[in-house]
Chemist: 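What follows is a single structure, and I will ask about it in a moment.
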Amino acid sequence: MYGRDPWGGPLEINAADSATDDDRSRNLNDLDRAALSRPLDETQQSWLLGPAEQKKKKKYVDLGCIIVSRKIFVWTVGSIVAAGLLVGLITLIVKTVPRHHHSHAPADNYTLALHKALMFFNGQRSGKLPKHNNVSWRGSSCLSDGKGKQVSFYKDLVGGYYDAGDAIKFHFPASFSMTMLSWSVIEYSAKYEAAGELNHVKELIKWGADYFLKTFNSSADTIDRIVAQVGSGDTSGGSTTPNDHYCWMRPEDIDYDRPVTECSSCSDLAAEMAAALASASIVFKDNKAYSQKLVHGAKTLFKFARDQRGRYSAGSSEAAIFYNSTSYWDEFIWGGAWLYYATGNNSYLQLATMPGLAKHAGAFWGGPDYGVLSWDNKLAGAQLLLSRLRLFLSPGYPYEEILSTFHNQTSIIMCSYLPIFTKFNRTKGGLIELNHGRPQPLQYVVNAAFLATLFSDYLEAADTPGWYCGPNFYSTDVLRDFAKTQIDYILGKNPRKMSYIVGFGNHYPKHLHHRGASIPKNKIRYNCKGGWKWRDTSKPNPNTLVGAMVAGPDRHDGFHDVRTNYNYTEPTIAGNAGLVAALVALSGDKTTGIDKNTIFSAVPPMFPTPPPPPAPWKP
């Protein structure tokens, strides 16, 4: 008999009638063993064994879009939770633990001196002073300058800066001072910003530029006269006429007549004023209207300088005595270079790179004063300024020949500053004698320190590690070291251990040759001769003209802190402008470097003139 095997196959069954109970039991046991000898699927097991035991945990987790290992999933979630707890704990600690403010690294000596050197210009302001001038003993002064004069090309001459320890406004050195300040801002605006002085120095430049715009008809395209000087200092022949040198008065108390000196043939002065306005226009390039006003004035002045040739000091005995100009050719190159940078007009570059102009300016002459930048001779500054163009833009033909010459000449000038060469003597204390032992040396030293540091930074920005002096290669660090030794001397590292900047350090000149600083502000008005007692007293000045750099020591490192000896103790704005430029160049982090591009803002893209094509081929 056959029946159906419930496990899925035929099952033969013997007759039940003839089988005993023991046989059946035996047969069932055999059947059980036969069935269990085969693997059972899940359903079969459930039938046989009843409800299954709980399954083991799955090894994978289905996240919908992906399936990941359960172990990895648990570790990942756990890590995220732990990280969150750690971040929360750190945040809690930071917010609850008392904060300790760490002060910044102390400012270097150059930055500290920079703050003070700029303040000197606040003390030299003429005209109606702003509320934030920050020189307590100064007030508005000479508010009648230029007023009441029957002239058509200026309304008044209120404002500007007093030149030195007197109250004369000499426009020739004043223009140079503003050009130097502007140049330093154009190159080192980031360093000024880091020192917190950028707005201050720009304000000082604007004070000077606004005044220069008053000294000629700045709205015209063509002019025939400009103002060269306000005030008088001639005491020759024993003159007792009250003026800015005969009298010793606070500027605020001046009541004598202040004459205005005009000139109609003054190429040097006009070209220098053009340089001042052109460079200032780059400083204020973000103020478009004001910048364009400065550019227009610079163009007008430069055209006047070129059209009506002559030295400004040739027709003025006072200018010849105090600020005599030896030539105007250097100002043509200097002014032309600045106008090119301010306008991008190639005609100015063509003029500035004329070989004949360079020859007249003394670029090929050499001589004892070659390479010495001053308020009189700007050739060394112009050579470096145009070398910059070659280093970074390389305009090529037709400018390359003279630009290459200027670059080589600048390299030679830098070599002449190094102590290894004997072009210039040095005092035993290490001060370079750029004016060959004559009085008032520091104004020349600071200009050279600025040029050396700037040339060093130009080379660094051009990825050039140094330059050649003859067959020998010198690192840019050598130039920077030269500048540092000279400025360090001025700051007090000299045989007398004296700082030559008033208010810097513990030991500095106390008898500055300066009218405003030497007369107390005590509500007493001292007349022309009444102030002489303050000039002649041996007591220290009652007012401190912070940041004033004195004329300097003599060739033996000697210094006489005597008020009546201006060759030692008188400061000037031209000297302080060079000092400010040198200090900002050396200040802060060396890696900050120069601003490579701002000076080229107005310069159009340069496409050097290609060489002429070869002649057509002929068989």
Side-chain angles (χ1 to χ4, degrees), residues 160-161 163 168-180 182-183 208-209 211-213 215-216 218 222-230 260-280 297-340 342 348 351-352 354 356-363 365 367 369-370 372-383 385-386 443-444 447 572-575 577-578:
Y161 292 99
D163 173 64
I168 303 177
K169 294 186 283 196
F170 290 108
H171 298 170
F172 191 48
S175 301
F176 173 72
S177 305
M178 293 303 106
T179 308
M180 288 293 283
S182 291
W183 193 5
Y211 174 72
F212 293 143
L213 290 173
T215 64
F216 67 102
S218 58
T222 304
I223 57 175
D224 60 2
R225 286 181 296 168
I226 62 175
V227 176
Q229 177 182 325
V230 177
V260 173
T261 304
E262 300 173 13
C263 65
S264 57
S265 180
C266 37
S267 300
D268 36 20
L269 171 60
E272 182 57 61
M273 285 179 67
L277 296 183
S279 56
K299 288 179 177 178
T300 299
L301 283 166
F302 199 70
K303 183 179 184 300
F304 168 67
R306 295 284 294 161
D307 289 347
Q308 297 180 215
R309 304 287 180 90
R311 289 186 304 116
Y312 95 107
S313 55
S316 168
S317 60
E318 286 213 359
I321 296 169
F322 302 117
Y323 285 103
N324 184 49
S325 174
T326 53
S327 156
Y328 52 73
W329 301 103
D330 53 303
E331 279 85 14
F332 281 169
I333 302 174
W334 176 246
W338 278 116
L339 271 161
Y340 171 66
Y348 293 115
L351 174 69
M354 284 174 57
L357 217 58
K359 180 181 177 182
H360 285 306
W365 293 352
D369 295 326
Y370 189 80
V372 180
L373 175 64
S374 72
W375 52 262
D376 175 30
N377 196 328
K378 290 88 182 186
L379 179 62
Q383 289 166 321
L385 191 61
L386 289 167
Q443 58 181 312
Y444 308 102
N447 290 341
T572 64
I573 56 173

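None of these values were measured; they are calculated from a predicted model. Along the sequence shown, residues carry numbers from 1.
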Chemist: Ignoring hydrogens and angles, tell me if any N or O in the side chain of Ser267 forms a donor-acceptor pair with the backbone of Gly310 under 3.5 Å.
Modeler: yes
Chemist: Counting distance only, does the side-chain N/O of Asp330 pair as donor-acceptor with the main-chain N or O of Lys378 below 3.5 Å?
Modeler: yes
Chemist: Indicate, with yes or no, if the rings of Phe172 and Phe176 have centres closer together than 6.0 Å.
Modeler: no
Chemist: For the residue pair Phe302 and Tyr348, categorise the inter-ring angle as parallel (less than 30°), tilted (30 to 60°) or perpendicular (more than 60°).
Modeler: perpendicular
Chemist: Below 4.5 Å, heavy atoms only, C-beta onward: do Leu386 and Ile333 meet side chain to side chain?
Modeler: yes
Chemist: Looking only at heavy atoms, what is the nearest atom pair of Ser177 and Ala577, with distance?
Modeler: O-CB, 3.5 Å
Chemist: Is Glu318 close to Thr261 at the side-chain level, that is, under 4.5 Å between some pair of heavy atoms?
Modeler: no
Chemist: Have a look at His171 and tell me which of Tyr211, Phe322, Trp375, Tyr312 forms a ring-ring contact (aromatic ring centres under 6.0 Å, His included) with it.
Modeler: Tyr211
Chemist: Closer than 3.5 angstrom, by distance alone: can the side chain of Asn447 be matched with the main-chain N or O of Leu373 as a donor-acceptor pair?
Modeler: yes
Chemist: Without swapping roles, check the side chain of Thr179 against the backbone of Ala276 for a donor-acceptor pair under 3.5 Å.
Modeler: yes
Chemist: Can you label the angle between the Trp338 ring and the Trp334 ring as parallel, tilted or perpendicular, going by 30° and 60°?
Modeler: perpendicular
Chemist: So which heavy atom on Ala352 is nearest to which on Ala337, and how close?
Modeler: CB-N, 3.9 Å
Chemist: Step by step, would you call Arg306 with Leu351 a side chain to side chain contact (heavy atoms under 4.5 Å, CB included)?
Modeler: CA-CA 11 Å; Arg306 295 284 294 161; Leu351 174 69; 3.3 Å; yes
Chemist: Identify the heavy atoms of Leu339 and Ala298 that sit nearest to each other, and give their distance.
Modeler: CD2-CB, 3.7 Å
Chemist: Compute the centroid of each ring, for Phe170 and then for Tyr323, and state whether the two points are separated by less than 6.0 Å.
Modeler: yes
Chemist: Side chains of Asp224 and Ser264: any donor to acceptor distance under 3.5 Å?
Modeler: no
Chemist: Identify, with sequence neighbours excluded, every residue that meets ring pair (Phe, Tyr, Trp, His ring centres under 6.0 Å) alongside Tyr340.
Modeler: none
Chemist: I'd like to know whether Cys266 forms a side chain to side chain contact (heavy atoms under 4.5 Å, CB included) with Phe304, so could you lay out the CA-CA distance, the side-chain angles of the two residues, the decisive distance to 0.1 Å, and finally the verdict.
Modeler: CA-CA 9 Å; Cys266 37; Phe304 168 67; 3.8 Å; yes
Chemist: Please identify each residue that fulfils ring pair (Phe, Tyr, Trp, His ring centres under 6.0 Å) with Phe216, with sequence neighbours left out.
Modeler: none
Chemist: Using side-chain heavy atoms (C-beta onward) and a distance below 4.5 Å, is Leu385 in contact with Trp183?
Modeler: yes
Chemist: I want to check something: taking the side chain as every heavy atom from C-beta on, are Ile223 and Leu301 in contact at a cut-off of under 4.5 Å?
Modeler: yes
Chemist: Heavy atoms only: give me the nearest Gly575-Gln443 pair and the separation to one decimal.
Modeler: CA-CB, 3.9 Å
Chemist: Provide the closest heavy-atom pair for Ser175 versus Glu272 in the form atom of the first, atom of the second, distance.
Modeler: CB-CG, 3.5 Å
Chemist: Is there a side-chain contact between Leu269 and Cys263, using heavy atoms and a 4.5 Å cut-off?
Modeler: yes
Chemist: Roughly how far apart are Ser265 OG and Asp307 CG, rounded to 0.5 Å?
Modeler: 11.0 Å
Chemist: Can you tell me how far apart CG (Asn377) and OG (Ser325) are? Round to the nearest 0.5 Å.
Modeler: 9.0 Å
Chemist: Out of curiosity, His360 NE2 to Trp365 CH2, how far, rounded to the nearest 0.5 Å?
Modeler: 8.5 Å
Chemist: If you round to the nearest 0.5 Å, how far is CG of Asp376 from CD of Glu331?
Modeler: 7.0 Å
Chemist: Short question: side chain of Thr215, backbone of Phe212 - any donor-acceptor pair under 3.5 Å?
Modeler: yes
Chemist: Answer yes or no: is there a side-chain heavy-atom contact under 4.5 Å between Leu379 and Tyr370?
Modeler: yes
Chemist: Could you state the interatomic distance from CD (Gln308) to CZ (Arg225), rounded to the nearest 0.5 Å?
Modeler: 10.5 Å
Chemist: Looking at Ala342 and Ala278, what are the two nearest heavy atoms and their distance?
Modeler: CB-O, 3.6 Å
Chemist: Would you compute the distance between atom CD of Glu262 and atom CD1 of Ile226 and round it to the nearest 0.5 angstrom?
Modeler: 10.0 Å
